[in-house]
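Reckoned from all heavy atoms, side chains included, excluding hydrogens, waters and symmetry mates. All figures in this text were calculated on a predicted structure; none of them were measured in a lab.
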Amino acid sequence: MTEKQTTGTAGDLTVPGRPAHAKHGDAAYWARVRRIVDAAPPLSDEQRATIRAALAPAVTALRQSASTKEKAA
């Protein structure tokens, strides 16, 4: 990789490995992310299950929030 990697920030969160000048909508940044993801090996079933378990509480909260907003409308 030729571009110098530094630590950027996203709000209060530190984003390691993200170029400091990259913005959320930066097409070059997302093209780089897609290249990295495309080059990665596929996830195993165990890895998928671990990710789903980690994200399940957030997904449930989002669904409950969405259904509450629909009822209020």
Side-chain angles (χ1 to χ4, degrees):
M1 190 175 304
T2 58
E3 184 175 356
K4 181 181 176 188
Q5 296 298 303
T6 58
T7 302
T9 58
D12 296 335
L13 302 175
T14 299
V15 184
R18 184 173 182 178
H21 64 275
K23 295 185 176 48
H24 183 70
D26 187 357
Y29 171 75
W30 290 110
R32 177 177 166 257
V33 169
R34 281 190 289 282
R35 285 193 307 274
I36 292 168
V37 170
D38 289 344
L43 296 174
S44 69
D45 290 340
E46 182 179 353
Q47 289 170 317
R48 283 189 192 96
T50 301
I51 292 168
R52 284 188 184 118
L55 296 177
V59 171
T60 301
L62 285 171
R63 287 181 179 158
Q64 289 174 345
S65 174
S67 66
T68 303
K69 289 179 183 176
E70 288 174 3
K71 289 178 185 176

Sequence neighbours excluded, which residues qualify as side chain to side chain donor-acceptor pair (under 3.5 Å) partners of Gln47? Ser44
Sequence neighbours left out, what passes side chain to side chain contact (heavy atoms under 4.5 Å, CB included) with Ile51? Give chain and number order. Leu43, Leu55
Can you list the residues that meet the side chain to side chain contact (heavy atoms under 4.5 Å, CB included) rule with Gln64, with sequence neighbours excluded? Thr60
All side chain to side chain contact (heavy atoms under 4.5 Å, CB included) counterparts of Ala56, not counting sequence neighbours: none
Calculate, to the nearest 0.5 Å, the distance between atoms OG1 and CD belonging to Thr50 and Glu46 respectively. 5.5 Å
With sequence neighbours excluded, what pairs up with Ser65 under the side chain to side chain donor-acceptor pair (under 3.5 Å) test? none
Taking salt bridge (charged side-chain N to carboxylate O under 4.0 Å, His left out) as the definition, give me every residue that meets it alongside Asp45, ordered by chain and number, with sequence neighbours left out. Arg48
